[in-house]
Every structure is written in structure tokens, then in C-alpha cells.
2 protein chains.
Amino acid sequence: MRNSRSDVVEAALRVLDDHGLEFCSMRRVASALEVQPSALYHHVPNKQTLLALMADEIVRGVATTGEDPAAVCRSLRGALLSIRDGADVVATASAFRLGASSVEARLAQLVGADGARTLLLYTFGQAQATQTQMQAYAIGALPDYPRGDPAGDLAGGFDRGIAIILAGLEASGR
Amino acid sequence: MRNSRSDVVEAALRVLDDHGLEFCSMRRVASALEVQPSALYHHVPNKQTLLALMADEIVRGVATTGEDPAAVCRSLRGALLSIRDGADVVATASAFRLGASSVEARLAQLVGADGARTLLLYTFGQAQATQTQMQAYAIGALPDYPRGDPAGDLAGGFDRGIAIILAGLEASGR
DNA sequence: ACCTGAACACCGTTCAAGT
DNA sequence: ACCTGAACACCGTTCAAGT
């Protein structure tokens, strides 16, 4: 039973979610597929390309059909947070090179190019910070969170940031 | 002539700027200091800690004395861009865990906590995207930039994003 | 206090060879 | 087309030992 390129990408995403980016090595992906490391290079030219394919997959599910830019941003944030180190993978593999992504295109229709870019980069930075902080709490590196629910506070902060940006776009007449 | 912890951090920053994060290994830092790799562990418990110290150093120079929040953000962006892969290093080493940074504290004085966080995370995402894109152009991976100056366009986009956020804060009455 | 030398368990990638 | 096996030049980290 032999593998396809999407088998490799799927396996890589499983390894990422189970072990984190630090341990998402070609050799571990290979052994998840019960295959020699060198076999991966039949499907993918190098690790960088594999990471880019993973980033595309992570972003693929984002809902871009609605009319509410905040909802698009929340959906993007959800996708980035749905997998361990997802924000980091998408950041460095850069599924957002130039204005190529469909998410940015949709946001640009709704609020213009500058607004789209601002919303996108904020969402991105916020998701990354969220994931870094949640991991720090999980490790116990930030032991005493001031009473309560870090994930909820982080999400609330995100919504307020999006509201500020949308208010700014409204004020400058779109 | 023996080394101190700051010698190690300085050497690591030189290696980072010369070769990039991918090749900024403990072994390369060691050989830059003409020392065995194991010697580094006398000054630093592990690589992660070294990266955090590097991140602190990168952010240390940011000008936080002025009254203009946009100027603080521009200074932060400048610091992140002043060294190769600087935005990535600060992002993942996360000098912005909780609200610990002096930059965030100063911005919070000027525009409140939510505004500070929004400005900071946007600045952060934008710097990272800038660095990723500039590197792509340097490699030639994005061969045909539509006539002109990528760095300037990126900086212009940054200023417009900051203006949008500040307008939003103004509109929501600070 | 700061360093060497050797070792351990890993990496990404290439390449000839198999089916 | 897809894979194995072996090799190359690397990693981070530990630990006994030196000065």
C-alpha cells in the first residue's frame, strides 16, 4: 500500500499536532507512514515545501463566504489555533506571501486592501501570541494566571482588537 | 581570554545576522567564539534560553520615551527588522509573554491596554511578514515585483495600518 | 569559573539500487 | 512510480575530566 503526496501532508499534520513543530521532522513523518525517510523525497522536494503544503492545508478550511469581516478573521484564527503550532507554521511558511491568499482577497472586497492587510496581520500576530501563551501555561512556565480562563481572555482580547480596527476603517470612511 | 554570558549572546546575534535562524546553531555560536560546543552550557542552560536572551537584546533598544504611539511602533518595527530573522526570534522566544514588556507598558499608558495589545500584535505580524517577503525577493522566489521598491511599500503599508488602528481608538473614545 | 573531549541520540538530504 | 539501505555532514545536550 503506497503513499501519495497528500498522505505525506496528512501524516505531517498528525505529527505536528501530536508532537509540535520542534519534533515534526522528516524522519518522524516517515516513520508515521512506516516508510524510510528517503521515501518522502519522492513526494516532496524538501522540508520547506512540505511545511508550505501543511500551511495551505491549515488555511484551506477558512470560511470566506460571509459578509462580516470579523467573522472571517475569527474563522482564520480558529483555523490557525486548530492545530498545535499552526500559527507558527503558517507564519514562517508564509501562506500570506504578497496578497495571494483567498482570505486576504475576500477581506479586501469587504474592507479594502489596507484594511484587509491590517486585519490579517493582526489576526496572525494575535494567534501566534495566543498559541505561545497557551503553551507556556500548559508547561507551567507562567504558573499563576490571575484567576480564570486564559483561552477565553485571549479570545476576548482578539475580538476587541478586531473591533478597534473595524472602527478605524469606519472612521476613515473605508 | 574567557567568555561571559553576554559574549555568548553577542556572538549568537552575529551568527544570526550572518547566517539566519536556520543556521544559528549552538555549534556555530561556539565556533564563532573559538570554543567547544559544550562550553556554551556553562553560560546558558539550553538553546531556548539563549534565543530568549537574544530576543530581549533585540527589543532592548526600542525608544519608548516619546508621546506618539505610532513612533513607538515604528521604533519597535525598526528593532525587529534590524537583524536577520529578528521578528521570528522575538515571536517564538516571545518577549511579549503576558504584558511583561516595557514597550507594551508604554503603549498602554498612551492608548490603554487593548489599544497597546492591538498595536503590538499588528506591528509584530507586519514585521514578520515584511522579513519573510524581503527574504523571498532576495532569494528571487517572487521574481517580478510590480515596479519598484518592496521595502518602501511594506513600510508604507505598515504606517497605514497603524493609522487605521489609532483612528479606531480615537473613534471608540480611547 | 570556564573549558575540553568524547559520546549519545538525533537531524535533512542524496543516491544507487530494487520492484 | 514508489520505495530501501547506506552514507554524508550536520544537530542539541550530557558528563567526566582538566586548569
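Chain identifiers are assigned alphabetically (A, B, ...) following the order of the sequence lines, protein sequences preceding nucleic acid strands; residue numbering begins at 1 within each chain. Note that the coordinates shown come from a computational prediction; the quantities given were computed from them, not determined experimentally.
Nearest to the side chain of A:H42, among D:dC3, D:dT13, C:dC2, sits D:dC3. The B:R27 side chain lies nearest to C:dA7 when the options are D:dT14, C:dC3, C:dA7. In the set C:dG12, C:dT4, D:dG12, the nucleotide with an atom closest to the side chain of B:V35 is C:dT4. Considering only the side chain of B:A39, C:dT4 comes nearest among D:dG18, C:dT4, D:dC3.
Judged purely by atom type and a 3.5 angstrom limit, A:R106 uses its side chain to pair as donor or acceptor with the backbone of A:T64. Formation of a donor-acceptor pair under 3.5 Å by the A:D17 side chain with backbone atoms of A:I83 is not found in this model. A side-chain donor-acceptor contact under 3.5 Å links A:S75 to the backbone of A:A63.
When the side-chain nitrogen and oxygen atoms of B:H43 are compared with OP1 and OP2 of C:dC3, one or more of them lie within a distance under 4.0 Å. For A:N3 and D:dC2, the shortest distance from a side-chain N or O to OP1 or OP2 is not below 4.0 Å. An OP1 or OP2 oxygen of C:dG5 is reached within less than 4.0 angstrom by a side-chain nitrogen or oxygen of B:Q36. Contact annotation: A:S38 does not reach the phosphate of C:dT14 (side-chain N/O to OP1 or OP2, under 4.0 Å).
Figure legend: A:R74 and A:F158 shown without cation-pi pairing, the cationic atom not lying both under 6.0 angstrom from the six-membered ring centre and within 45 degrees of its axis.
Atom CG of B:D7 and atom P of C:dA1 are 17 Å apart (whole Å). When the P atom of D:dG12 is taken as reference, atom CD of B:Q48 falls 13 Å away, rounded to whole Å. A straight line from CG of B:N46 to C1' of D:dC11 spans 15 Å, rounded to a whole angstrom.
In summary, the side chains of B:D88 and B:Q128 do present a donor paired with an acceptor at a separation below 3.5 Å, with no hydrogens or angles considered.
If you check D:dA9 for Watson-Crick or wobble pairing at under 3.5 angstrom, you find it has no partner at all. D:dT4 is paired with C:dA16 under the criterion used here, namely a Watson-Crick or G-U wobble arrangement in which both key atom distances are under 3.5 Å.
No engagement by B:R5 is indicated, since no non-hydrogen atom pair under 4.0 Å with the nucleic acid exists.
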